[in-house]
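Each remark here refers to the structure printed beneath this line.
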Amino acid sequence: MSMGNVERIAILRMGPFLLVTIQVDMHDQLALTLQDDLTAKIEKTGAKGVLIDISALDMVDSFIGRMIGNISSMSRILDAHTVVVGMKPAVAITLVELGITLAGVRTALTVERGMNILRAAIADQTDQLEADDADREE
Amino acid sequence: MPTVKSDTLSLRSEQDIVNVRQVVRKLAQECGFSLVEQTKMVTAASELARNTVTYGKGGDVLWEMLTEGLKKGLRLSFVDAGPGIPDLELALTDGWTSGGGMGLGLSGAKRLVNEFEIETAPGKGTRVTILRWK
Ligand SMILES: Nc1ncnc2c1ncn2[C@@H]1O[C@H](COP(=O)(O)OP(=O)(O)O)[C@@H](O)[C@H]1O
Ligand SMILES: [Mg+2]
């Protein structure tokens with residue numbers, strides 16, 4: 001993995017979701033750029049969910065861990081759900097020992113399960129909105 | 001502890017931090033570390049390399065592959081001539097940062113290796129040495 005000169009990580013739009021696949025060993029600025037780009041894109045597209053695939057990452061240190069946490073809290077503020085998928089077991093074990101809990105960040109093993117979590121979260125929200133509307137009409 | 005081989009890498013930029021991660025990964029594999037052991041060593045190296053670049057204003061990392069009997073180990077020394085760490089105990093506290101980080105680099109790296117040592121003095125720079133055995 002030596003694609004060190006990549007300046008931006010692509011963000012794909014899939015219906016109401018944004019998809020990010022991190023395939024490079026990110027230098028710090030690249031991680032910060034991704035954080036900013038994602039926030040801007042959630043705002044612009046009104047996306048309801050963000051899926052971050054880190055299955056290609058061999059390491060997550062405190063800097064990248066903080067970026068993941070930031071993306072998750074910022075999307076929450078913008079009314080979108082975040083799921084991080086594909087974290088390797090060795091990475092998860094190391095993160096815990098490093099002291100990073102990723103509290104409040106939803107995780108799933110595969111992209112498919114991650115998508116299911118996002119769909120379910122949105123469906124719940126829609127149900128709730130419809131229930132609220134029904135209450136108001138009565 | 002005989003040294004099998006050693007070399008020095010420069011740590012001046014963010015790209016150098018990425019480079020150190022990749023070199024340490026290869027060395028850890030050569031030492032026969034398991035995947036989890038490799039990941040721990042690479043993560044510790046990433047944390048300390050970033051500290052050298054950000055707080056130490058740049059420096060070097062010296063890596064040494066060691067043997068002791070049949071055991072193989074990897075020792076990394078991160079050296080800078082920056083401002084030094086005035087209160088080491090505080091700097092080693094989980095969550096303490098002077099710069100807006102997560103404050104888990106030093107304390108976390110310490111947990112990820114077998115041996116951990118810091119030499120530092122105000123105005124005299126910092127040297128952090130870690131060692132992990134297979
Ligand atoms: N090489 C260094 N030179 C000077 N100060 C350092 C160095 N490494 C660490 N420090 C100090 O120790 C603190 C804790 O470091 P660390 O645990 O890596 O957390 P963080 O990098 O998130 O601040 C830093 O905020 C900094 O004040
Ligand atoms: Mg640090």
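Throughout, a chain's letter reflects where its sequence line sits, starting with A, and its residues are numbered from 1. Heavy atoms only: backbone and side chains are in, while hydrogens, waters and symmetry mates are out. None of these values were measured; they are calculated from a predicted model.
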- Item | Pairwise side chain to side chain donor-acceptor pair (under 3.5 Å) hits with a residue in residues 63-76 of chain B, at least two apart | B:E64-B:R75
- Message: Determine whether a donor-acceptor pair (N or O, by modelled atom type, separation under 3.5 Å) exists between the side chain of B:T97 and the backbone of B:G100.
- Response: yes
- Message: If hydrophobic clusters are built by linking Ile, Leu, Val, Met, Phe, Trp and Tyr wherever their side-chain heavy atoms come under 4.5 Å apart, do B:W133 and B:F33 end up in the same one?
- Response: no
- For the candidates B:K40, B:E37, B:R50, which exhibits the highest count of non-hydrogen atom pairs separated by less than 4.5 Å from chain A? B:R50
- Reported CG-to-OG1 distance for the pair B:L11 and B:T52, which is rounded to 0.5 angstrom: 5.5 Å
- Query: With a 4.0 Å cut-off, would you call B:E30 and B:R25 a salt bridge?
  - Reply: no
- Note on the structure: So, the part of B:A44 with a heavy atom under 4.5 Å from chain A: the answer is neither
- Salt-bridge contact B:D80-B:R127 (side-chain N to carboxylate O under 4.0 Å): no
- Task: Report, as yes or no, whether the 6.0 Å neighbourhood of atom CD on A:Q125 holds more than 12 heavy atoms from other residues, nucleotides or ligands.
- Result: yes
- Query: What are the residues of residues 95-123 of chain A, in order of number, with any heavy atom under 4.5 angstrom from a heavy atom of chain B?
  - Reply: A:E97, A:L98, A:G99, A:I100
- B:L112, B:V42, B:I17: which one forms the most heavy-atom pairs within less than 4.5 Å of chain A? B:L112
